[in-house]
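To keep things clear, I will list the structure first and then write my remarks on it.
Since this is a predicted model, take the numbers as computed values, not measurements. Naming: A, B, ... by sequence-line order, numbering from 1 per chain.
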2 protein chains.
Amino acid sequence: MEGSPRRTGDARARLLDAALKAIRTRGYEATSVEQLCLAAGVTKGAFFHHFRSKEDLGTAAAARFLEWLEGLFARSGWRDRDDPLDRVLAYIDFRTAILRGEIPHFTCLLGMMVQETYATHPALRATCEAGIQSHLAPLEAEIAAALAARGIDGISAAGLTLHIMAVIQGGFVLAKAAGGPAPAIEAMRHLRRYVELLFATPDQGQGAAP
Amino acid sequence: MEGSPRRTGDARARLLDAALKAIRTRGYEATSVEQLCLAAGVTKGAFFHHFRSKEDLGTAAAARFLEWLEGLFARSGWRDRDDPLDRVLAYIDFRTAILRGEIPHFTCLLGMMVQETYATHPALRATCEAGIQSHLAPLEAEIAAALAARGIDGISAAGLTLHIMAVIQGGFVLAKAAGGPAPAIEAMRHLRRYVELLFATPDQGQGAAP
DNA sequence: GAATACATACCAACCGGTCGGTATCTACCG
DNA sequence: CGGTAGATACCGACCGGTTGGTATGTATTC
């Protein structure tokens with residue numbers, strides 16, 4: 001009776017893990033619930049016990065991915081520096097350091113899924129957008145602090161945060177096209193240089209004459 | 001010879017047009033050949049007369065998209081300036097100017113499709129990669145010329161081209177997440193500033209303000 | 001004994017793809 | 001000039017397999 005190895009209770013987690021891998025590899029639409037069940041070693045009954053629909057699975061997968069991502073970034077210690085600018089650069093450096101190994105291991109489930117579903121599954125689109133925003137919030141706070149510390153105005157923290165995320169997401173796209181992380185790494189190198197340049201510029205915010 | 005308005009012969013073009021729209025809206029996997037036939041007003045027989053398979057349609061759609069894109073950029077006249085750097089900036093400006101209207105009208109079929117197929121359809125992945133490279137080649141040439149003209153080394157034209165494309169593709173991802181082009185426009189603004197900063201050599205003041 | 005956590009069996013709709021047939025145009029022959 | 005053989009363009013019924021989803025049954029836990 002004691003220590004009985006219960007197989008029950010883990011079906012949901014196994015399905016979610018399978019979903020993360022599958023969606024990051026083949027995308028949301030190309031991932032069928034049958035394949036997912038097969039990969040997770042459960043049956044369809046288990047799937048629809050834990051998820052009302054495939055879309056519901058997508059929502060849960062987005063949440064799970066975000067959890068995993070936040071754990072990863074928390075462990076990286078990118079916010080441990082004293083200077084806000086150093087934290088921003090540390091974020092970029094960590095993002096670059098992640099770019100190794102197999103493509104599905106470093107790409108973004110939210111970015112992939114939102115592209116497939118923005119026009120067809122409004123709920124999934126909103127979930128992905130919220131997830132990205134949630135991940136970006138602390139970065140934006142650090143950028144705002146860095147801008148304030150150097151007295152730079154004329155540049156919004158939100159805008160620069162968006163730009164950074166664009167380079168990251170675009171890097172993923174190019175990595176998939178190239179079959180490896182090289183283009184993404186190159187793009188991140190330029191991004192770092194931009195941030196350095198931006199904060200090194202002696203006098204900023206002269207954009208009076210467009 | 002002349003004149004005779006033949007209704008036949010346009011099925012392929014209609015299918016391709018429908019495919020461009022559908023893939024840019026819902027993606028490759030979520031687009032079924034039956035939906036395509038319905039949208040194009042033809043039957044399945046016509047589809048499989050012109051395309052061996054759905055993957056073949058994907059290849060043809062990529063080629064068609066590239067054709068359309070090249071026509072668009074040729075008409076924009078971004079290479080008409082005298083200075084190579086101005087051409088690069090004109091490319092960025094045109095890319096920014098395009099960011100209007102409905103999302104499927106300005107996003108990239110190649111970037112979308114390659115993400116869905118990089119792991120499952122190697123031929124489509126290669127086609128998309130080649131298409132992106134083909135579009136980028138003239139931009140890279142202008143960047144190389146601009147770097148040479150200012151005597152800037154330590155920066156590769158290919159790398160900077162990749163970075164620019166990453167911002168563009170990432171902008172599309174964020175636009176789909178946000179439901180509008182605003183984040184993409186913001187990212188492009190930063191990209192332009194980066195290129196300006198990069199080419200503005202502090203000790204060599206070449207003030208060619210337009 | 002009620003709720004939870006699954007498994008099994010099943011379904012209608014849809015998927016990519018095939019196949020036999022037809023209408024139209026072109027090439028060549030006489 | 002008419003006839004016809006062949007290629008091209010397209011139609012629409014059909015196929016086996018897969019899709020997301022359901023209905024029901026059963027073992028375990030609280």
Please report the distance, rounded to the nearest Å, between [atom1] in [X] and [atom2] in [N].
| X | N | atom1 | atom2 | answer |
| --- | --- | --- | --- | --- |
| A:Arg26 | D:dT19 | CZ | P | 11 Å |
| A:Phe51 | D:dG21 | CZ | P | 13 Å |
| B:Phe47 | D:dG12 | CZ | P | 17 Å |
| B:Asp10 | D:dT8 | CG | P | 18 Å |
| A:Glu34 | C:dT8 | CD | C1' | 14 Å |
| A:Lys44 | C:dC10 | NZ | P | 14 Å |
| A:His50 | C:dT4 | NE2 | C1' | 9 Å |
| A:Glu29 | D:dG20 | CD | C1' | 12 Å |

Which atom names give the shortest non-hydrogen contact between A:Val173 and B:Val114, and what distance separates them?
O-CG1, 4.2 Å
On a heavy-atom basis, which atom in A:Trp78 and which in A:Phe73 lie closest, and how many Å separate them?
CD1-O, 3.4 Å
Is the shortest heavy-atom distance from the side chain of [X] to the side chain of [Y] under 4.5 Å?
| X | Y | value |
| --- | --- | --- |
| B:Lys176 | B:Met112 | yes |
| B:Ile168 | B:Met165 | yes |
| B:Phe47 | B:Val42 | no |

Measure from the side chain of B:Phe48, starting at C-beta and using heavy atoms only, and say which of D:dG12, C:dA7, C:dG16 lies closest.
C:dG16
By nearest heavy atom, map A:Val33 and B:Thr43 onto DNA chain D; which one lands nearer the 5' end?
B:Thr43
Between B:His49 and D:dC10, does any side-chain N or O lie under 4.0 Å from OP1 or OP2?
no
Touch class at under 4.0 angstrom, heavy-atom based, for B:Ser32 against every strand present
sugar-phosphate
Could one point to a donor on the side chain of B:Lys54 or the base of C:dG17 with an acceptor on the other under 3.5 Å away?
no
On DNA chain C, compare the nucleotides closest to A:Arg12 and B:Ser53; which residue's is nearer the 5' end?
A:Arg12
By nearest heavy atom, map B:Arg52 and B:Gln35 onto DNA chain C; which one lands nearer the 5' end?
B:Gln35
